[in-house]
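Residue numbers start from 1 in every chain, and the chains themselves are labelled A, B, ... in the order their sequence lines are given, proteins ahead of strands.
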Amino acid sequence: MTGRLNIHRRAVLLFAYCFLAGWVLTGSEKAWPSPMAEIPAGEFTIGEAVSENSLEKRTVNLEAFFMDTHEVTNAEFSGQFPQHTFYPGAEPHPVSLVTWDEARQYCALLGKRLPSEAEWEKSARGPEGRIYPWGNKAPRKKPHPYYSGLIKRRVGLNRNDISYYGLNDMAGSVWEWTGEQVDGKIVVRGGLWNLHLDYEYSKTFERNLLDPDRRFPFLGFRCARSK
Amino acid sequence: MITRRTFLARWLKTLLVFLWAFFRKPFSGWGEGDYFSATGFVGKTRSGDYEKFYINYWKPMRRIQAERWKLEVQGLCKHPRTFTLEQIKTFPVKTRSSRLKCVECWSARAEWRGFAIAEIEKRVEPLAEAAGVIFYCADSYKEYLSRENLNREETLLAYNMDGKPLTDEHGFPLRIIIPFKYGYKNPKAILKMEYVANMQPGTWSKIGPYSSDGTILPGYDHPLDLGKKPHRIPGGEILHY
């Protein structure tokens with residue numbers, strides 16, 4: 001009898017715990033609507049000696065931080081900036097045609113910020129120093145080949161383009177603003193390179209530099225947050 | 001009678017011919033032919049003077065006579081009208097050096113002289129609902145550009161190239177230069193402009209795997225004036241070479 005009561009008590013306590021945990025998590029989601037992954041503190045390899053489009057290879061130590069698991073979507077962005085327009089049906093596509101300042105403002109409104117270049121690379125590369133977010137092998141299947149333009153898709157649709165920490169679209173989809181400036185230009189990371197009607201995924205250490213006031217259809221962003 | 005020596009000699013000759021055919025450089029006359037020079041027509045050309053700046057046309061077309069040419073501007077504007085070549089050359093001059101980047105992977109730089117579209121808009125006064133312009137060209141090519149992009153600082157309507165009037169090959173007498181878009185968004189040999197309310201796909205986007213937007217994407221370029229050596233480009237106008 002005592003055992004049964006204990007079981008009931010335990011069940012009630014478990015229910016209350018789950019309810020409170022759910023409430024706390026829901027509260028968190030209100031503050032940071034898009035899901036984030038925790039990137040643990042520690043050292044990782046940044047850069048690659050063989051690439052002229054990357055930082056010099058070295059070891060960097062970072063504090064723990066959180067990173068959006070997917071790029072900010074049109075629907076999410078227009079929730080904060082109602083004047084942002086997009087074609088019907090493009091709500092789950094990555095937002096684009098936003099300047100660096102607009103990307104920064106969006107993140108700040110949600111209590112977040114743009115990731116540093118090192119944070120971005122660690123999130124994509126993982127502790128193993130992967131060449132691509134999914135590993136070291138280039139995929140046999142090209143991202144939307146034989147088309148001169150960019151085909152936008154729902155964020156997270158590409159099940160292969162997932163990093164060690166569970167972040168989506170870090171090699172494909174659109175390029176992403178970071179918070180890093182170099183000689184007045186902003187470091188952008190992680191989109192597709194066009195090879196005349198064919199495309200290749202960015203490697204985790206490749207970078208691109210763009211002027212902060214530019215709006216491009218191939219350029220979006222995701223946010224980060226310190227722990 | 002075939003002896004072992006003659007058999008080996010023949011075999012060796014055959015091998016040498018095969019190796020020569022395999023490794024030889026193609027004769028200059030074996031490439032794409034120069035079909036249009038000294039004719040009354042103009043069309044796709046990549047030889048002679050145009051090895052350093054390829055020429056693409058949608059269809060071969062009859063060369064335009066300057067005295068007969070008029071630019072017709074119509075559609076959603078208050079004062080539709082036509083302009084002669086002499087009239088457009090009186091507009092304030094805008095000069096810009098920019099690189100034309102083709103979606104075929106090559107590019108070439110030139111100094112373009114012409115005027116801003118604002119000069120035309122002052123005179124025809126587009127209506128508020130006019131979002132863009134369709135350009136109709138002498139080779140039956142058609143392309144749409146938004147007014148927002150046409151009015152950007154980088155964009156101009158050009159009638160001169162590297163200090164000389166545009167050649168027929170480069171789009172005499174008038175062409176668009178919009179250097180952050182691929183070449184197929186830079187219509188040439190323009191005959192008519194029509195102000196419209198909505199975006200419409202151009203000729204190239206309709207027939208092939210080419211985006212209507214046409215913004216230059218991050219990727220690789222093979223500049224003809226720099227020996228076709230591959231250069232990585234960040235997207236948008238190519239500024240660094």
Side-chain angles (χ1 to χ4, degrees), chain A residues 51-54 85-87 90 93 96-97 99-100 142-152 171-178 182-203 205-220, chain B residues 54 56 101-107 131 143-146 148-149 151-154 178-186 198-224 228-241:
Chain A
S51 172
E52 59 182 23
N53 299 294
S54 74
T85 54
F86 49 86
Y87 291 111
H93 295 177
S96 62
L97 297 165
T99 65
W100 184 59
K142 295 275 187 184
H144 61 79
Y146 314 120
Y147 181 67
S148 74
L150 184 69
I151 298 173
K152 303 249 180 75
S173 191
V174 290
W175 287 87
E176 299 173 18
W177 289 117
T178 71
V182 178
D183 299 330
K185 291 186 181 283
I186 308 301
V187 177
V188 299
R189 290 296 203 113
L192 296 170
W193 294 103
N194 184 15
L195 307 163
H196 182 215
L197 305 190
D198 208 346
Y199 284 81
E200 71 177 33
Y201 290 101
S202 280
K203 297 179 178 71
F205 43 79
E206 283 178 329
R207 67 207 299 244
N208 195 2
L209 297 170
L210 291 171
D211 290 321
D213 60 344
R214 294 297 189 196
R215 298 173 191 276
F216 285 118
F218 57 79
L219 180 59
Chain B
Y54 292 166
N56 280 334
K101 162 77 182 149
C102 183
V103 73
E104 291 171 343
C105 256
W106 57 267
S107 76
E143 190 51 85
Y144 169 91
L145 286 161
S146 72
E148 186 190 346
N149 282 323
N151 279 286
R152 274 182 47 176
E153 180 53 33
E154 305 95 310
I178 185 161
F180 48 94
K181 303 270 182 189
Y182 289 117
Y184 68 90
K185 297 292 285 189
N186 290 243
N198 298 306
M199 191 279 281
Q200 295 180 29
T203 307
W204 210 238
S205 325
K206 263 188 188 170
I207 59 106
Y210 303 99
S211 74
S212 293
D213 174 72
T215 300
I216 298 169
L217 298 172
Y220 296 87
D221 178 39
H222 296 76
L224 297 178
K228 299 185 191 175
K229 192 184 166 198
H231 286 58
R232 241 182 188 183
I233 51 171
E237 183 179 1
I238 300 170
L239 296 165
H240 59 288
Y241 59 89

Inset, instruction - Heavy-atom pairs under 4.5 Å with chain A are the metric here; pick the option from Gly214(B), Gly219(B), Pro209(B), Gly235(B) that has the most. - result: Pro209(B)

Legend entry - Closest contact, heavy atoms only, Asp213(B) versus Pro217(A): OD2-CG, 3.5 Å

Legend entry - Atom OH of Tyr241(B) with >12 non-hydrogen neighbours under 6.0 angstrom: yes

Inset, instruction - Below 4.5 Å from any heavy atom of chain B, which atoms of Leu192(A) appear? Answer side chain, backbone, both or neither. - result: backbone

Inset, instruction - Check whether any side-chain heavy atom of Leu209(A) sits under 4.5 Å from a side-chain heavy atom of Pro234(B), and report yes or no. - result: no

Inset, instruction - Return yes when atom CG of Asp213(A) has more than 12 non-hydrogen atoms of other residues, nucleotides or ligands closer than 6.0 Å, and no otherwise. - result: yes

Inset, instruction - Measure the shortest side-chain to side-chain distance between Phe180(B) and Arg214(A) over non-hydrogen atoms and say whether it is less than 4.5 angstrom. - result: no

Legend entry - Under 3.5 Å donor-acceptor, Ser211(B) side chain and Ser148(A) backbone: no

Inset, instruction - Might you point out which heavy atoms bring Phe218(A) and Pro218(B) nearest each other, and give the distance in Å? - result: CE1-CG, 3.5 Å

Inset, instruction - Would you confirm whether Asn194(A), through its side chain, and Leu217(B), through its main-chain N or O, come within 3.5 Å as a donor-acceptor pair? - result: no

Inset, instruction - Report the C-alpha distance between Glu148(B) and Arg215(A) in whole Å, list the side-chain angles of each, state the deciding distance to 0.1 Å, and finish with yes or no for salt bridge (Lys or Arg N to Asp or Glu O under 4.0 Å). - result: CA-CA 13 Å; Glu148(B) 186 190 346; Arg215(A) 298 173 191 276; 5.9 Å; no

Inset, instruction - Find out whether Arg232(B) and Glu206(A) are in side-chain contact, i.e. whether some heavy atom of one side chain is under 4.5 Å from a heavy atom of the other. - result: yes

Legend entry - Check against side chain to side chain contact (heavy atoms under 4.5 Å, CB included), Tyr220(B) and Glu200(A): CA-CA 11 Å; Tyr220(B) 296 87; Glu200(A) 71 177 33; 3.4 Å; yes

Inset, instruction - Under 4.5 Å heavy-atom distance to chain A, tell me which part of Tyr182(B) shows up: side chain, backbone, both or neither. - result: side chain

